[in-house]
Amino acid sequence: MHLKRTHTCGQLRKGDAGEEVILNGWINSRRDHGGLIFVDLRDRYGKTQVVFDGEQTPEDFNTAKKLGMEDVIAVRGEVVLRPADSLNPAMPTGEIDVQCLELAVLNEAEPLPFLVTDRDSALEEQRLTYRYLELRTGELQDNLLTRSRIYQIVRGYFVEHDFVEVETPFLMKSTPEGARDYLVPSRLHHGRFYALPQSPQTYKQLLMIAGLDRYFQIVKCFRDEDLRADRQPEFTQIDVEMSFIDEQDVYTVVEGLIRRLYQELQDIKLPDPFPRLTYREAMERYGTDKPDLRYDLELQDFTSYVESSDFSTFKGVLKEGGIVRAVVAPGCAGYSRKDTDALTNLVTEYHQAKGLAWMKVGTNGLEGGVAKFFPGELQQQIVTGLAAKEGDLLLMIGDKEEVALPALGALREELARRENLIKEDEVRPVWIVGFPLVEFDEEAGRWLAVHHPFTAPHPDDESLLETDPGRIRSRGYDLVINGWEIAGGSIRNHDTGSQERVFKLLGISPEEAEEKFGFLLKALLYGAPPHGGIAFGFDRLVMVLVGATQIRDVIAFPKTTSALSLMDGAPAQVTDRQLKELGLSLRGKRKYE
């Protein structure tokens, strides 16, 4: 290629006027003005306007007339200053043009399935099918460039703080716990399978036992689970583990990284230290363990008002051991029946609450809904106690705690969205600490780990392991930013005795523990240091930093919510020969779709 670029399409400025340059790129737009043709030439660095003059270069001018969107061209030309009335302050190169002296068409593009200048010109399914075209859009290119920069900042930060980067295996032993493993059959050992790691949890603990006291890794993980907008079957973690530390050491390291990312990427200074909420406080005040603190709408206890009322439904809830909580929706007294029905549907259909009660704050007290069950003097106590004002809407849910609090949390989020209460320019990090160690699964009939089975119980609660497990606090912690769980981790069990007590509580027999985790239990016998760590959801962190609403927008080649790759057809069928080599056969007939 004789017209090899000398500059990128985002590089030239008015100081380059008079220079002869060569640009390579894609045609972003073309405008034919009779004797002149203007082309915006684009690469990942920016855009430059190229001018083709029919009198100066008639042959190239005629070729330019035939050019289409996304054709790839090379242009040799002179940098010229634009006339004063043609300056484009929206473009960094908007003070200059490149006057074409020579044109080479490097590749012509077929008619496009959608406009790469407008992502909304196609549905997501079509955009994912042609993902390589969607990746040409400015939004996704900016996201991936920011993601690349975050990689560099993260690596630099951890190296600066004496962490060692270690790669752990992708082919490991299956230890099913929580989400399903992706299994990889062994060709050399028929009937045996590797598993792709859901996280490098056991490996990083082994690295601590090996004496590498500060480890990090930016690593792919795999979980075969039901997907949502913020999840993918394969995802990236920033994995961290440290020895001879406690929770505060983890908080200090993590906060330093997050502060640096926001400072360098957005010039935002975050608090030092980050605020903390216990799991109990978060649930009681916000109805979720990942609260968005950019708006208020805290849940309020409504128990005493129910006890003094004539509302038998809520009194029955309290009598059965349930709770009643309220949210004050500011300025929402004008909500129609359709609006309150939509909110009721949200908490009943999606969060299993039995119903949603409401009252409006009027000039002379409470009106509508269930107001008739609350006598006049009690109404004034409610308005004062909840700090409500005229024009506000009171919303109440009475139910079992595990139903009422999450339902009100979802209601709080919906109200904030409807009323534009979210301060979009704010960044509000918060640590959630003091999680329960375990929760009882009624369907399985046993205790399950809230984080994972290697999390240590709080030292003050260890005596409850055999007597009252539901009250045990763990040494786990989550970092939440603007309602998104960004990272989670814990201090680990570092001796065999403690780990075996937790396994016993979780119903993991000594035989099962030996089969699944025998190598780790053995390693703990050889001088394991106190250790703990954390794992960041890297994709989610990038998503929050760039302001995207789903992680597919920050991953180069994502899967759909049903774990399909529409672009290359994965997962795909394999041949009978491949199956035979692996010692596998498929049950039933193949389905060709």
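Because only heavy atoms are used, hydrogens play no part in the values below, and waters and symmetry mates are left out as well, while side chains stay in.
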Exercise. What heavy-atom pair brings L405 and L299 nearest, and what distance separates the two atoms?
Worked result: CD2-CD1, 4.0 Å
Problem set entry | Flag side-chain contact, heavy atom, 4.5 Å: R259 against P271 | no
Exercise. Are any of the side-chain heavy atoms of K290 and W484 separated by less than 4.5 Å?
Worked result: no
Problem set entry | Nearest non-hydrogen partners of I397 and A353, listed with the distance | CG2-CB, 4.3 Å
Please tabulate, for the side chains in residues 429-443, all donor-acceptor contacts under 3.5 angstrom to protein atoms that are two or more places apart in sequence or on a different chain.
residue: W431; atom: NE1; partner: E255; partner atom: OE2; Å: 2.8
residue: D441; atom: OD1; partner: E443; partner atom: N; Å: 2.9
residue: D441; atom: OD1; partner: A444; partner atom: N; Å: 2.7

Problem set entry | Test log, rule ring pair (Phe, Tyr, Trp, His ring centres under 6.0 Å), inputs Y132 and F557 | CA-CA 8 Å; Y132 43 86; F557 299 103; 8.4 Å; no
Exercise. Do D553 and R119 meet the salt-bridge criterion of a basic N to acidic O distance under 4.0 Å?
Worked result: yes
Exercise. Of all heavy-atom pairs between F536 and I534, which one has the smallest distance, and what is that distance?
Worked result: CE1-CG2, 4.0 Å
Exercise. For F517 and F503, what are the C-alpha separation, side-chain angles and deciding distance, and is it a ring pair (Phe, Tyr, Trp, His ring centres under 6.0 Å)?
Worked result: CA-CA 10 Å; F517 311 111; F503 280 162; 5.3 Å; yes
Exercise. Parallel under 30°, tilted from 30 to 60°, perpendicular over 60°: which one fits the rings of H452 and F454?
Worked result: tilted
Problem set entry | Check ion pair R412-E298 (N to O, under 4.0 angstrom) | no
Exercise. If we only count heavy atoms from C-beta on, is the V306 to K315 side-chain gap below 4.5 Å?
Worked result: yes
For this session: Of all the heavy-atom pairs spanning R473 and D460, show the shortest one and how long it is.
Result: NH2-CB, 3.8 Å
Seminar exercise, completed: Exactly one of L270, I268, I150, V542 clears side chain to side chain contact (heavy atoms under 4.5 Å, CB included) with L261, and that residue is I150
